[in-house]
Amino acid sequence: MKILQIIVIVLISTLSNAQVNISNTGAYGNPSYLVNNVLAGTGVTASNITFTGNNAQIGFFDSGLNGLPNLGLDSGIVISSGDVLDIAPGGNQPDQGQYNAPGDTNLLSVAKSVTSNPNAGFITDTYDAAALEFDFIPVGDTVRFEFVFASEEYTTYINTQFNDVFAFFLSGPGITGPYESPTSFPGGAKNVALVPGTSSPITISTIYNDPAQTPTQSNGQYYVSNFFEQNNDFNGFTTVLVAQSAVQCGQLYHFKFAIADCGDDYLDTGVFLKANSLTSSGIRISVTTPFPDSTIVEGCGDAIVKFERSDTINNDTLHLNFSGTANSSDYDGLPNPIIFPKDSTSIAYALSAELDDESESTETLQIEITGIMGCNGTSLKIENYEEMSVIVSDSINICSQAGEKGTVSFSLDGGKEPFNYEWEDIVNGGFFTADNES
């Protein structure tokens, strides 16, 4: 059990507008809204959003920047091992709040990995874990975001078994790591919340600056003392840090943002995620076709070629390169170059395959954006048109008043699946549909 040190300080200050404000009701208490409308910026599409923990442990923050110390972040998502509503000055949750809730095995591994902490071997449990998780697709080859780590454990419990911990676990294509990941991401997960320029996780024992400690500092240039708790109720926090990782553009990845108490469930810790900072730079090109396997048929429907970008500040001129077995006379509708207008996040064109009298094998078309980072290539197939013929069974006469029934059938030759069937009642008028040929 920790001994809580209570210091009463009377301050006369004009910096009331410099304190953090927290909300977790309505949309600000909805994890899906917070990820899609607060955290996610340009070039990232999120889905499958979940939150594990007490609903009081996540919310929205905006931070006053007129005064010191400040978080350095305008607004965003806050996740805590305690009640986020008590993070503002005057709150008591960072001092005494505990849920006696489960911890997280991955976070326990992270906390025990800080070998500079002489008491790391005595960390046996974590408590009050909170985890925000979601899948996402990046438009570029790198994903990044900005954050601030804060704790009430500062600075009394540095290098002890009360080494509160958080991590950002990333899993997906090309990612391997020692931490657990969802079954659909079998390579494991890695932690991207690291002290800048090192492989060390971020905890109160890897970023601090305190003359009373031995050693007196660790990566102290990233530490901000909040002894008087002017901006928030945590004793200290980090400068604005960046987490980033290489990814494969257009592929599905998974993030788990997790935080927990270590050693006991007193004295809480939080992480502030900057609004709109989860980004991936580049331009993505994708194609949607009316037939499976990225296929279009001559004279039968269009492919929609879509361009998406993360930077909307300026006009962009996209120069395209075409390759494959198809030649320019086989398709139409895609200009080159393409002018991407200012403030537009996406632009799309309908590409059609020209109907000709030639009997050809399936052709391929590869479209690439030259000189641009991102998912800058896509491909489609162009199939030859096969004329459809319909063979209908002999006509029959039935009397509906007598309750007679009959079957009319037909067969198809040629064409391209999938088919939609529509029948016309030429006596009574109208149409009806069927899902087969009878």
Shortest non-hydrogen contact from [X] to [Y]?
X      : Y      : result
Ile259 : Ser80  : CG2-C, 3.9 Å
Thr279 : Gly41  : CG2-CA, 4.0 Å
Tyr253 : Pro173 : OH-O, 2.7 Å
Ile77  : Leu132 : CD1-CD2, 4.3 Å
Ile123 : Gln161 : CG1-O, 3.5 Å
Ile296 : Ser352 : CD1-C, 4.5 Å

Under 6.0 Å between ring centres, would you say that holds for Phe169 and Phe185?
no

Under 3.5 Å, is there a donor-acceptor pair between the side chain of [X] and the main chain of [Y]?
X      : Y      : answer
Ser218 : Thr206 : yes
Asn226 : Asn232 : yes
Asn219 : Tyr222 : no
Thr364 : Thr325 : yes
Asp293 : Thr295 : no
Gln213 : Ser205 : no
Asn384 : Ser361 : no
Gln244 : Ala246 : no
Asn336 : Leu320 : yes

Between [X] and [Y], is any side-chain donor less than 3.5 angstrom from a side-chain acceptor?
X      : Y      : answer
Asn327 : Ser329 : yes
Asp261 : Ser81  : yes
Asn21  : Asp62  : yes

Pairwise side-chain contact, [X] with [Y], heavy-atom cut-off 4.5 Å (strictly under):
X      : Y      : answer
Pro182 : Ser171 : yes
Phe61  : Ile87  : no
Val114 : Pro201 : yes
Asn235 : Thr155 : no
Asn24  : Leu85  : yes
Val143 : Leu278 : yes
Ser245 : Ile175 : yes
Phe122 : Cys262 : no

With side-chain contact (heavy atoms from CB on, under 4.5 Å) as the criterion, how do Tyr331 and Leu380 come out once you've worked through the C-alpha distance, each side chain's angles and the decisive distance to 0.1 Å?
CA-CA 11 Å; Tyr331 55 88; Leu380 55 89; over 6 Å; no

Roughly how far apart are [X] [atom1] and [Y] [atom2], rounded to 0.5 Å?
X      : Y      : atom1 : atom2 : value
Tyr179 : Asn106 : OH    : CG    : 7.5 Å
Thr126 : Leu107 : OG1   : CG    : 6.0 Å
Thr160 : Asn163 : OG1   : CG    : 6.5 Å
Ile367 : Leu318 : CD1   : CG    : 12.5 Å
Asn55  : Thr25  : CG    : OG1   : 12.0 Å
Lys274 : Leu73  : NZ    : CG    : 6.5 Å

For Tyr266 and Tyr157, what are the C-alpha separation, side-chain angles and deciding distance, and is it a ring pair (Phe, Tyr, Trp, His ring centres under 6.0 Å)?
CA-CA 12 Å; Tyr266 284 83; Tyr157 296 100; over 10 Å; no

Please determine whether side-chain contact (heavy atoms from CB on, under 4.5 Å) holds for the pair Asp330 and Glu363, giving the CA-CA distance in whole Å, both sets of side-chain angles, and the decisive distance to 0.1 Å.
CA-CA 9 Å; Asp330 293 318; Glu363 297 172 301; 3.2 Å; yes

Apply ring pair (Phe, Tyr, Trp, His ring centres under 6.0 Å) to Phe147 and Phe168, showing your working.
CA-CA 11 Å; Phe147 67 96; Phe168 303 140; 5.0 Å; yes

Would you say Lys306 has more than 12 foreign heavy atoms packed within less than 6.0 Å of its NZ?
no

Please report the C-alpha distance between Phe340 and Phe307 in whole Å, then the side-chain angles of each, then the deciding distance to 0.1 Å, and finally whether the ring pair (Phe, Tyr, Trp, His ring centres under 6.0 Å) criterion is met.
CA-CA 9 Å; Phe340 217 133; Phe307 301 84; 7.2 Å; no

side-chain contact (heavy atoms from CB on, under 4.5 Å) between Phe257 and Phe166, worked out:
CA-CA 8 Å; Phe257 295 171; Phe166 82 108; over 6 Å; no

Using the ring pair (Phe, Tyr, Trp, His ring centres under 6.0 Å) rule, take Tyr223 and Tyr154 through it: C-alpha gap first, then chi angles, then the decisive distance, then the call.
CA-CA 10 Å; Tyr223 178 70; Tyr154 279 125; 4.7 Å; yes

The single option from Thr238, Thr203, Ile202, Leu241 that satisfies side chain to side chain contact (heavy atoms under 4.5 Å, CB included) with Val195 is Ile202

Tell me, with the steps shown, if Lys190 and Thr176 meet side-chain contact (heavy atoms from CB on, under 4.5 Å).
CA-CA 7 Å; Lys190 68 176 183 179; Thr176 58; over 6 Å; no

